[in-house]
2 protein chains.
Amino acid sequence: MEVQPPEGRLATGCGAREILDRIADKWSLYVISLLGERTLRFTELKRGIDGISQRMLTVTLRALERDGLVSRTVYPVMPPRVDYTLTDLGRTLLETVTTLVGWADRNLEAIEAARADYDTRAQALRALTEGLPD
Amino acid sequence: MEVQPPEGRLATGCGAREILDRIADKWSLYVISLLGERTLRFTELKRGIDGISQRMLTVTLRALERDGLVSRTVYPVMPPRVDYTLTDLGRTLLETVTTLVGWADRNLEAIEAARADYDTRAQALRALTEGLPD
DNA sequence: CAGTATCCGAACAGATACTG
DNA sequence: CAGTATCTGTTCGGATACTG
């Protein structure tokens, strides 16, 4: 993978925005992270992603499959068995996604502190404005 | 920043999910990317992010400010002037975000090809199923 | 097990009008 | 310039019921 000289600044105007919106949502990030470790079945993914509903997992997996990031293998057995794994393209995303997820994990407290601080200030400001004439 | 041994697997269950959902949306990513280059004013950001509405830019900036990723400086002049810049915390996100945005940019075509392929297969499958008895 | 289908409330996001 | 406020259509996403 070489450097892309003609890129330079962000292509905010082009179709990259739509792509980003697809892959950079919380469920997709977690699916990619988990599949980065190994191939998983539907239920394993569901158990691995706390709080995801069956519907959202299905929707997310279909979108990732459509985008060519995840491949889906159906075994015609009873009970059914479906394996999900990252494609080569999907694997090129893995490092970035892992970094991002790790960042969120490490900076959880800092962000929550910032929020508490912001909320306190906002409330203090509101108290000052309270009952003031227009 | 040292390695975090107790992390190990993904903390999918904890509050990191909510954090990810906040920062990993298309507008936040673009705002962070742009502010990574330099401090910008509201209108400069708006012009730099193609397709964002005034409302969404405001909402996004407020959220990023609340999370302690972006700082907002108001100059009490007329006409008003407000500068937005990344905080130290925000700057720790920059490299990852830049990588992600760059990835989306570079792989636009591959993804669109995958989609076209998927859609073709889906349609072919539907054609086979067409009019079949239950 | 691995889904699909449907319903429905909640959150999101654009358009528009107004303001210090 | 840099917003806020409001209204409204759209999408998201959970709950539930059903299936090969």
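Small disclaimer: the values here were computed from a predicted structure and weren't measured. Every chain is numbered from 1, with letters handed out A, B, ... down the list of sequences. Just so you know, these numbers use all the heavy atoms, side chains as well, and skip hydrogens, waters and symmetry mates.
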Rounded to the Å, how far apart are A/Met56 CE and D/dG13 C1'? 6 Å
With sugar-phosphate meaning primed atoms plus P, OP1 and OP2, does B/Tyr75 contact a base, only sugar-phosphate, or nothing at under 4.0 Å between heavy atoms? nothing
Pairing pattern in dot-bracket form [Watson-Crick, G-U; both distances under 3.5 Å; | = partner strand] for DNA chain C: ||||||||||||||||||||
Closer than 4.0 Å, any side-chain N/O of A/Arg55 to the OP1 or OP2 of C/dT6? no
Between the side chains of A/Trp103 and B/Thr92, is a donor N or O closer than 3.5 angstrom to an acceptor N or O? yes
Could you state the CG-C1' distance from B/Leu45 to D/dA2, rounded to the nearest angstrom? 12 Å
Short side-chain N/O contact from B/Tyr84 to OP1 or OP2 of D/dC1, under 4.0 Å: no
Is it true that atom CD of B/Glu95 has more than 12 heavy atoms of other residues, nucleotides or ligands lying nearer than 6.0 Å? no
Could you give the CG-to-C1' distance, from B/Leu61 to D/dG3, as a whole number of Å? 11 Å
Got a sec: does the CZ of A/Arg62 have more than 12 other heavy atoms crowding it under 6.0 Å? yes
Distance check: side-chain N/O of B/Arg62 vs OP1/OP2 of D/dG3, anything under 4.0 Å? yes
Pair A/Asp83 + A/Arg81, salt bridge at N-O below 4.0 Å: yes
Measure from CG on A/Leu40 to P on C/dA2 and round the result to the nearest Å. 11 Å
Under 4.0 Å between a side-chain N/O of A/Arg41 and OP1 or OP2 of C/dA2, yes or no? yes
Rounded distance (Å) that lies between atom C1' of C/dG14 and atom NZ of B/Lys46: 11 Å
What is the distance, rounded to the nearest whole Å, between atom CD of B/Glu65 and atom P of D/dA2? 15 Å
About how many Å separate CG of A/Leu100 and OG of A/Ser33, when rounded to the nearest 0.5 Å? 8.5 Å
Between A/Val82 and B/Trp27, just flag the one whose closest nucleotide in DNA chain C comes earlier from the 5' side. A/Val82
Residue whose nearest DNA chain D nucleotide is more 5′ - A/Ile52 or A/Pro79: A/Ile52
Can A/Val59 be reached from B/Leu20 by stepping across I, L, V, M, F, W or Y side chains whose heavy atoms are under 4.5 Å apart? no
Can a salt bridge be assigned to the pair B/Asp117 and B/Arg115 using a cut-off of 4.0 Å between side-chain N and carboxylate O? no
Rounded to whole angstrom units, what separation is found between the CG atom of A/Asp83 and the C1' atom of C/dA2? 12 Å
Would you say a side-chain N or O of B/Thr58 is under 4.0 Å from OP1 or OP2 of D/dG3? no
In whole Å, what is the span from the CD atom of B/Gln54 to the C1' atom of C/dC12? 18 Å
Report yes if at least one side-chain N or O of B/Arg72 is closer than 4.0 Å to OP1 or OP2 of D/dG3; otherwise report no. yes
If you count the non-hydrogen atoms of other residues, nucleotides and ligands that lie under 6.0 Å from CZ in B/Arg91, is the total more than 12? yes
Is there a side-chain contact between A/Ser53 and the phosphate of D/dG13, meaning an N or O under 4.0 Å from OP1 or OP2? no
